[in-house]
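Got a structure for you, written out below as structure tokens; questions coming shortly.
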2 protein chains.
Amino acid sequence: MNKFAALSSEMRRMIETGGLRYGEKLPSMRMIARSRRLSMTTVIAAYRELEAIDLIEARPRSGYYVKFDPSLSLGPKRRVRLAPKGLKTYRDLMPDLLAETDQGSRVLRLGVASIESSLLPREPLARLTRQVLRTTGTQAFEYADPIGLPSLRRRVATLMMDRGVAVAASDPIVTSGCQEALWIALQSVCKPGDTVAIESPSYPGAIKIMQLMGLKAVEIPVKPAGLHLDALEDALRKHKIAACYVMPNCANPTGWVYSEETKQQLCELAARRDLPIIEDCANADLYYGASALPALKRYDRSGLVLFCSSFSKTVAPALRVGWMVPGRFAERALELKYAVSLGTPVLQQLVVDRFISEGSYKRGLLRARRVLATTLGQMLRWVDECFPPGTVSQRPFGGMCAWIGLPPGVDSDRLRLIALEKSISVAPGRMFSPSGAYTNHIRLGWGGVWTKRAEAGVRALGAIACDLSRGTRGLSTA
Amino acid sequence: MNKFAALSSEMRRMIETGGLRYGEKLPSMRMIARSRRLSMTTVIAAYRELEAIDLIEARPRSGYYVKFDPSLSLGPKRRVRLAPKGLKTYRDLMPDLLAETDQGSRVLRLGVASIESSLLPREPLARLTRQVLRTTGTQAFEYADPIGLPSLRRRVATLMMDRGVAVAASDPIVTSGCQEALWIALQSVCKPGDTVAIESPSYPGAIKIMQLMGLKAVEIPVKPAGLHLDALEDALRKHKIAACYVMPNCANPTGWVYSEETKQQLCELAARRDLPIIEDCANADLYYGASALPALKRYDRSGLVLFCSSFSKTVAPALRVGWMVPGRFAERALELKYAVSLGTPVLQQLVVDRFISEGSYKRGLLRARRVLATTLGQMLRWVDECFPPGTVSQRPFGGMCAWIGLPPGVDSDRLRLIALEKSISVAPGRMFSPSGAYTNHIRLGWGGVWTKRAEAGVRALGAIACDLSRGTRGLSTA
């Protein structure tokens, strides 16, 4: 490792393990250069890298400050049986969504990670649906190969190339959204009683699958630049782990992206340990950067990565069209797709196929990325402004949501209930951890153009959080 | 039991156990009346009942003959691990369908139980789809409650009333076809290693789920009038059985219907033994009779019946809209629906909802029943005429397919391969039994108006079967 990389790695580790804390000022570059006998060029390059992966930020005329707070992810957790306190009943699963169902559309949904109507390509989808019905006879209504239409599978294989993955046209399986892909992936590599290593925080829909399958979970801390691989190695030594479930590109709820180095090392570790990796890339195409993010699967030489993604976050959620590339687990995944649903609706497959081929998909992504980067920036600005002192957050690299840590002691379940009385919904932190951690965290998101109404909602949430925070302090001093 | 019922039951048992064989002439009514000291009225009533459930048939100026051949169902089978010889790979699952995918639409599909284009309501579906897109804004593309739209769930609850089942509007869960309903049902009541009692023959899609879940199966013989309950009791004494999977109304592949007495007794047995019953009613609405068939769930006082059905056989398969009423297993079924697919596409739910409300559903059923009754009659007539001596079949009571037993020794896998060279596909018998039985059986079906092409196909199959049968005889005499 050269001097620049060594310095950068060391500082990253200090931040990620809490040695340098959120909001703390970094030593000046000049001081580092002097104390370590490094050139200023080397130190500047290291700081720039940390800034690029959003671990530190420059403040004008003041220097560099730590941006990542380790309380946004847990330390390595003991293995837990998946009966999360927070996810006991069906109603607990999608509190914001079901609240809306109960109370009508007047609920402001600030907890979902889903496209808002301003970004939904209603008109092209309606036009293409009419076109498909007009031009394809009865095809849209008749049985087809359960694993998907050959034309769409070919199209999806091409999309994979943008992510640096070369797959055959026949490799992808079309699924009912990423959720069914994850279900099939977990059923392909795990059996009840098995233990899965997951990121902490992780996606509630995947946690629920694991719970229903009777799996156990080990939570591995995750940082803006990726999974804590040492913690994963440690977990692999202590437990028999059947699979690892990760979101390397624009995770839900954090929006973080693994560094390419981390992706590569994770694949090497998987190959060494013969460990299947389930890669959830549902939000990957919503990366705010200019170029597409390489998939973890790009580094997969052994077929151990089961890649899962969908068009739910990038075209429309209710299409329920997703896909997977199951690597060496293809035969079992094919059979599972047949057994779970006998196929994805043909009409939607035809529509998505045309949506991509006419260029609407890429055009929509360009717009969505630009809009969402601005929206999330706005949202976090209002969080900084209105939430109580001690609130921590970390800018997402992509997607529609961010992960917010409220001051310790502020109960995000209470926050949710009070907010719901004001017709605002948020996703409480406990949904994102099988051990029921993150009781003072929330997922906050907005999947469209930023509006005055959304702004008012975030300000109202901030006011509630401030009240709760004062209550907490009052209690602790009483 | 009165004298009429006693005689009827005794004769039914003799036929179903093979004591009276297929094609055999029954003793004359006069002889029975004399030997058993019964009135002619009693004997006539008993024969009429057996005729009504299609176990015997009157031949003009000749008397009554046995119609059911017990070789169409197996005797009670030992418990088998579900790794069916015949269903090893994905390609083995839907041989006819995938053959068509490979060879284009010129393959005549005589093995599928699926609506053929002449019965597919293409025009109303296309019109309603356009209407939904025009009138519902972005609803068709946005997330909704994963368990289904409230309006469609209410509509489905009403349909259940036609089957004699009173359910609340909130009880049904909308699924991606009956296949997903079965997946959720089996995942609701079984865990890997469990044993399930199933009909023999049974539906390949359900057998595949059981295999992938790591379940074991006990095959229980089934007769045109229902499951062999004594055999089920016997299996329950010998094995720990976690659930029972049945198709009481218009089974696939046989098209048989349980007598109401059998349905009632099965529910009583389930309650006594605390045995969950998965009821697959996908074909029930295609009953050729005048009135709707009562569901097994009608007799379910203890919430043990998980009712599953769909619109795939009655509206269009690729809609992938089905439903389930999970009884006392509701909470787990709700969570599973969320975890498996995050919901059924909203567009299709809205279209099916309107299809029912405008009356197209009931009108379509009236036509389909009339057409299919005629079609299956025609089909079996050509089977009688062209298939080799020793072929047995049993008229279905509803649905799109019939179960044909070829003379012992005729290998239906070979039949399938030879037929495929002539661009005709059939479903080989081994698909319908986890123990790989029924090697000389086929499912034969046609889901539309009977055509010259279908007739030519059945005749060609008959010719192949005759060749194979002669080959068999040749071998056995050589």
Side-chain angles (χ1 to χ4, degrees), chain A residues 89-90 93-94 97-98 101 112 114-115 117 120-122 125-126 129-130 133-134 137-147 150 176-180 183 187 191-192 205 208-209 211-212 214 312 315-320 331-332 334-336 338-348, chain B residues 89-90 93-94 97-98 101 112 114-115 117 120-122 125-126 129-130 133-134 137-147 150 176-180 183 187 191-192 205 208-209 211-212 214 312 315-320 331-332 334-336 338-348:
Chain A
T89 70
Y90 177 69
L93 281 168
M94 308 186 83
L97 192 58
L98 294 174
T101 307
V112 291
S114 135
I115 301 173
S117 54
L120 205 66
R122 190 196 166 284
L125 289 177
T129 306
R130 288 192 301 267
L133 290 172
R134 205 169 54 236
T138 54
Q139 192 192 359
F141 303 118
E142 293 191 83
Y143 275 127
D145 191 338
I147 59 174
S176 297
C178 192
Q179 186 70 30
E180 195 190 59
W183 177 272
Q187 296 263 345
K191 54 182 195 312
K208 192 69 203 177
I209 296 175
Q211 183 195 340
L212 288 168
S312 302
V315 185
L319 289 175
R320 312 306 309 126
E331 187 58 33
R332 189 167 161 86
L334 291 169
E335 293 187 37
L336 277 160
Y338 162 88
V340 171
S341 66
L342 258 182
T344 304
V346 173
L347 178 60
Q348 272 84 345
Chain B
T89 71
Y90 177 69
L93 282 167
M94 308 185 83
L97 193 56
L98 294 174
T101 307
V112 291
S114 135
I115 301 173
S117 55
L120 204 65
R122 191 195 164 284
L125 289 176
T129 305
R130 288 191 301 266
L133 291 172
R134 206 169 52 236
T138 53
Q139 192 191 0
F141 303 118
E142 294 192 82
Y143 274 128
D145 190 338
I147 59 175
S176 297
C178 194
Q179 187 70 29
E180 195 191 59
W183 177 272
Q187 296 263 346
K191 55 183 194 312
K208 192 69 205 177
I209 296 175
Q211 182 196 342
L212 288 168
S312 302
V315 185
L319 290 175
R320 310 308 306 130
E331 187 58 34
R332 190 167 160 86
L334 291 170
E335 294 187 36
L336 278 160
Y338 162 88
V340 172
S341 67
L342 260 183
T344 304
V346 173
L347 177 61
Q348 273 84 345

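Quantities reported herein were computed from a predicted structural model and do not represent experimental measurements. Naming: A, B, ... by sequence-line order, numbering from 1 per chain.
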Do A:Trp183 and B:Leu342 have side chains that get closer than 4.5 Å, going by heavy atoms?
no

Measure the shortest side-chain to side-chain distance between A:Phe141 and B:Leu125 over non-hydrogen atoms and say whether it is less than 4.5 angstrom.
yes

Among the options B:Glu142, B:Arg134, B:Arg130, pick out the one with the most heavy-atom pairs lying under 4.5 Å from chain A.
B:Glu142

The side-chain hydrogen bond (donor to acceptor under 3.5 Å, both in side chains) partners of A:Gln187 (sequence neighbours excluded) come to none

Look at A:Leu347, A:Leu336, A:Leu319, A:Val315 and state which one has the largest set of heavy-atom pairs under 4.5 Å with chain B.
A:Leu336

With chain B as the partner, which of A:Ala140, A:Gly205, A:Pro345 has the greatest number of non-hydrogen pairs under 4.5 Å?
A:Pro345

Look at B:Pro121, B:Ser117, B:Gly177, B:Ala126 and state which one has the largest set of heavy-atom pairs under 4.5 Å with chain A.
B:Ala126

Chain A contact via B:Leu120 - which portion, at a heavy-atom distance below 4.5 Å
side chain

Applying a strict 4.5 Å limit to non-hydrogen atoms, the region of B:Ser312 in contact with chain A is side chain

Expected output: side-chain B:Gln179 to main-chain A:Ala339 donor-acceptor under 3.5 Å:
yes

List the residues meeting side-chain hydrogen bond (donor to acceptor under 3.5 Å, both in side chains) with A:Ser341, not counting sequence neighbours, and say none if there are none.
A:Glu180, A:Lys337

Taking A:Gly137's backbone N and O only, do any of them form a donor-acceptor pair with B:Arg122's side chain (distance below 3.5 Å, no angle check)?
yes

Looking at A:Ile209, A:Val340, A:Leu133, which has the largest count of heavy-atom pairs under 4.5 Å with chain B?
A:Val340

Are side-chain heavy atoms of A:Val346 and B:Arg320 found at a separation under 4.5 Å?
no

